[in-house]
Amino acid sequence: MLFYDVELASPLMLGTAQYPSPAILAAAVQASGAEVVTVSLRREASGNLAGQAFWSIIGALGTRVLPNTAGCRTVKEAVTTAHMAREVFGTPWIKLEVIGEEDTLQPDVFGLVEAARILTEEGFQVFPYTTEDLVVAERLLAAGCRVLMPWGAPIGSGRGLNNVFGLKMLRAHFPDVPLVVDAGIGLPSHAAAAMELGFDAVLLNTAVAKAGDPVGMAKAFALAVEAGRLARHSIPMEPREMASPSTPVIGKAMLA
Ligand SMILES: CC(=O)[C@@H](O)[C@H](O)COP(=O)(O)O
């Protein structure tokens, strides 16, 4: 699947916040096989690893960077942060977050569409963090987005796929649009489930950064997304309402 004309072998994208140390971050990214990491300009610029030191660590990972506008609550903030990101990282990619509600960190989808339109007109390649709402998805595509990133569950909640039906509908309505489940993934099985539904990638941060062993968990996610993708390509069986014997009845064995 192409993400703005970039082919990625790994369907795992990893966040870079909240790791116990830069060394563990680097080892986790390597173990995950992720070719894309996301970086929050606002959060890192105000954190312990502010400024050049953090950007050097990210640069040394050797991955593609998807800067994000995490923490932005208005269109203006998000657009300004995107401009800064393009300058710092020299990439047109931007993961666009415009947060609209404090308890759930739910996207402000109205602001999101507006910011997406402004940024795509300025030449950005926007990865919008959105809900599974089909109408919003249409508006984002009309605004020029060529990738959609619906949430699995609220950021940092680790709840997995809260609305499987909604995600399935999104996949069915937009079969040709690259879709990435972003946020709320807590376990490798959640990531595998997203891939089994036909999503093209998953983006996660907290589940790896806050694991007891982030490097081990990164590897577990790498295996899970591959398993989910292979299962999808292998065409899973249809679930049935009734039992159906899977073992030959005694007396009719094939060896008889
Ligand atoms: C890192 C980042 O961009 C987050 O905003 C993202 O949505 C990940 O969420 P989780 O931490 O829930 O995986």
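Note that ligands are numbered from 1 as they come in the structure, with each ligand's atoms numbered from 1 the same way.
When all heavy atoms are compared, the tightest approach of Thr104 to Pro154 is O-CB, 3.4 Å.
Look at Gln18 and you'll find every heavy atom at least 4.0 Å from all atoms of ligand 1. Put simply, part of Gly156 is less than 4.0 Å from ligand 1, judged by heavy atoms.
Polar contact check, Ser157 against ligand 1: no nitrogen or oxygen pair lies under 3.5 Å apart. Of the polar atoms of Gly184, at least one N or O is found under 3.5 Å from an N or O of ligand 1, judged by distance alone. Where the criterion is an N or O separation shorter than 3.5 Å, residue side chain and backbone included, Tyr129 fails it with respect to ligand 1.
Contact annotation for Asn68 and ligand 1: only side-chain heavy atoms (C-beta onward) come within less than 4.0 Å of the ligand. If you look at Ala183 next to ligand 1, the close heavy atoms, those under 4.0 Å, come from the backbone and the side chain alike. Only the side chain of Thr38 comes within contact range of ligand 1, with a heavy atom under 4.0 Å; no backbone atom does.
Distance alone, capped at 3.5 Å, places no donor-acceptor pair between the His173 side chain and the Leu170 backbone. Although no hydrogens or angles enter the test, the distance criterion places a donor-acceptor pair under 3.5 Å between the side chain of Glu77 and the main chain of Thr74. At least one donor-acceptor pair under 3.5 Å links the side chain of Arg171 to the backbone N or O of Pro175.
For the ring pair (Phe, Tyr, Trp, His ring centres under 6.0 Å) test with Trp93, the passing option among Phe127, Phe124, Phe3 is Phe127; the others fail.
Taking a cut-off of under 4.0 Å to the non-hydrogen atoms of Leu204, the atoms of ligand 1 that pass are 13 (O).
Sparse packing is recorded around CZ of Phe110, with 12 or fewer heavy atoms of other residues, nucleotides or ligands lying under 6.0 Å away.
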